[in-house]
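What follows is a set of notes on a single structure, which appears directly below.
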Amino acid sequence: MKMGIVTTDIGSVILYVEEGYLVRIELTERALLPVDLPPFTSQLVEYFQKERTSFSLNFRMEGTDFQRKVWQTLMKIPYGSIVTYCGLSKELFGSEGCRYARAIGQVLKRNPLPIVVPCHRVVAKNGLGGFSSGTCWKKYLLSLERGENLF
DNA sequence: GCTATTAGACCCC
DNA sequence: GGGGTCTAATAGC
């Protein structure tokens with residue numbers, strides 16, 4: 001497994017590449033030194049430099065049908081825009097309202113590829129909502145994309 | 001299988 | 001704002 005590291009203003013982003021596929025991204029508040037630059041790393045660097053708003057890379061995600069369905073829908077959220085857990089629930093299951101909002105939160109919590117699969121663009125109906133790597137990352141990513149602090 | 005957990009939402013005070 | 005309730009997928013037992 002190859003690793004790539006991108007350093008940002010508030011911490012480091014670690015990319016794990018396996019057999020030519022991006023399989024995991026970890027966000028940490030620690031500052032790590034870049035050791036090598038496997039494929040995909042440069043795209044993350046460009047993203048943090050605001051020179052990239054979408055990714056073009058081979059990635060692999062394993063999960064249940066429900067998880068894949070949610071992750072797939074996340075990929076359609078445009079750069080800089082936000083949706084709510086409730087809104088996602090309605091989009092996926094129609095008239096059943098916000099019933100799945102909480103389950104969707106559980107899926108996003110286990111998103112192995114944050115940033116690339118943009119779970120940071122999903123917020124609660126009244127507030128920021130959580131984030132697996134800490135809400136300061138979520139705030140940072142949203143302000144990076146939107147150029148304003150919403151929360 | 002069952003139980004506890006949870007990155008939500010809603011209601012009432 | 002705090003407390004209770006409904007809710008559904010998951011992890012762990």
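We name chains A, B, ... by the order of the sequence lines, and we start the count at 1 in each one.
Per the geometry, CG belonging to N126(A) stands 13 Å off C1' belonging to dC11(B), to the nearest Å. Following rounding to the nearest Å, F131(A) (CZ) and dG8(B) (P) show an atom-to-atom distance of 13 Å.
Across all strands shown, K109(A) has heavy atoms under 4.0 Å from base atoms, whether or not it also approaches the sugar-phosphate.
Ring-centre distance between Y21(A) and F59(A): not below the 6.0 Å cut-off.
Interface remark: the Y85(A) side chain does form a donor-acceptor pair with the dA7(B) base, using a distance-only criterion of under 3.5 Å.
Side chain of K109(A) to main chain of I104(A): no donor-acceptor pair is present (N/O by atom type, distance under 3.5 Å, no hydrogens or angles).
Across all strands shown, dC13(B) pairs with dG1(C); the Watson-Crick or G-U wobble distances both stay below 3.5 Å.
Using cut-offs of 30° and 60° for the angle between ring planes, the H120(A) and Y47(A) rings count as perpendicular.
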Using atom names, set out every protein N or O paired with an N or O of nucleotides 2-6 of chain C below 3.5 Å, distance rounded to 0.1 Å.
| residue | atom | partner | partner atom | Å |
| --- | --- | --- | --- | --- |
| dC6(C) | N4 | R102(A) | NH1 | 3.3 |

Enumerate all atom pairs, one protein N or O and one N or O from nucleotides 9-13 of chain C, separated by less than 3.5 Å.
| residue | atom | partner | partner atom | Å |
| --- | --- | --- | --- | --- |
| dT10(C) | OP1 | T64(A) | OG1 | 2.5 |

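Of the charged side-chain nitrogens involved, none lies within less than 4.0 Å of a carboxylate oxygen, so that R24(A) and E18(A) do not count as a salt-bridged pair. For the pair R121(A) and E145(A), the salt-bridge criterion is met [side-chain N within less than 4.0 Å of a carboxylate O].
A donor atom on one side chain and an acceptor atom on the other are not found under 3.5 Å apart for R102(A) and Q106(A).
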